[in-house]
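Structure record follows, encoded as structure tokens.
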Amino acid sequence: MRYWLMKTEPADFSIDTLARRKLEPWTGVRNYQARNFMRDGMRAGDGVFIYHSGGTDPGIAGIARVAGDAYPDPTQFQKRSKYFDPKSAPDAPRWWMVDVAFKRRFERMLPLAQLRLQPALEGMPLLARGSRLSVQPVASAFWKFILKLEQRA
DNA sequence: GCCAACGTTGGC
DNA sequence: GCCAACGTTGGC
């Protein structure tokens with residue numbers, strides 16, 4: 001069982017949206033590193049922190065789980081989609097994705113600023129300078145520590 | 001709104 | 001293969 005963190009802009013899609021829909025096809029990831037994590041690293045049941053980015057108070061908003069193995073992102077073939085990729089061919093899809101299932105919402109979001117204060121989280125990719133990766137692994141020690149932090153909050 | 005950091009593209 | 005230009009991300 002591995003752990004991950006996936007970013008989303010809450011104005012477009014938030015933990016509450018996920019709570020309502022229960023299951024969400026995580027379409028639109030167009031970064032090779034992020035794709036590789038989804039395609040090659042994720043397995044059904046893996047834990048996922050849902051991270052809200054871009055707003056006035058970025059942070060971890062809740063928990064989801066990987067619902068199944070990766071499959072080709074259909075939006076890459078849809079001409080009208082903003083995620084359309086003319087260079088991708090159906091017999092050799094470039095972009096892969098997973099379905100993400102809602103688990104729970106944090107009672108209080110864990111702000112990025114608070115995560116930055118934790119010496120125990122040093123080395124988390126999320127906290128690295130200039131980190132933009134929208135899908136990233138979370139070491140199990142970090143996962144556990146963040147859950148404890150949340151209990152305390 | 002600003003801007004640093006980063007990834008991708010494309011000319012050479 | 002190099003690298004400048006460009007577009008995007010995302011914190012502040």
Under the side-chain contact (heavy atoms from CB on, under 4.5 Å) rule, what do Phe37(A) and Leu133(A) come out as? Steps first, then yes or no, please.
CA-CA 11 Å; Phe37(A) 285 135; Leu133(A) 199 56; 3.6 Å; yes
dT9(B) OP1/OP2 closer than 4.0 Å to side-chain N/O of Tyr32(A):
no
Distance check needed: dG11(C) C1' versus Leu117(A) CG, whole Å only.
15 Å
Looking at CZ of Arg94(A) and CZ of Arg30(A), how far apart are the two atoms once the value is rounded to the nearest 0.5 Å?
9.5 Å
Counting only heavy atoms not in Glu122(A), do more than 12 sit closer than 6.0 Å to its CD atom?
no
Ring pair (Phe, Tyr, Trp, His ring centres under 6.0 Å) with Phe49(A): of Phe145(A), Trp143(A), Tyr3(A), Trp4(A), only one passes, and it is Trp143(A)
How would you label the contact of Arg116(A) with the nucleic acid (heavy atoms, under 4.0 Å): base, sugar-phosphate, or nothing?
sugar-phosphate
At less than 4.0 Å, is any side-chain N or O atom of Lys87(A) found next to OP1 or OP2 of dG10(B)? Yes or no.
yes
How many Å lie between CD on Gln114(A) and P on dC12(C), as a whole number?
14 Å
Looking only at dT8(C), dG10(C), dG11(C), the nucleotide nearest the Arg132(A) side chain is dT8(C)
Whole angstrom value for the distance that separates P of dG7(C) from NZ of Lys82(A)
18 Å
Taking the nucleotide of DNA chain B with the nearest heavy atom to each, does Arg94(A) or Ser131(A) sit closer to the 5' end?
Ser131(A)
Would you kindly give the NZ-to-C1' distance between Lys7(A) and dT8(C), to the nearest whole Å?
12 Å
Whole-Å distance separating the CG atom of Asp12(A) from the P atom of dT8(C):
14 Å
If I take atom CG in residue Leu126(A) and atom C1' in nucleotide dG10(C), what distance separates them, rounded to the nearest angstrom?
11 Å
Integer-rounded Å distance: dC6(B) C1' and Asn31(A) CG:
10 Å
Quick one: Arg30(A) CZ to dT9(C) P, roughly how many Å, whole number?
12 Å
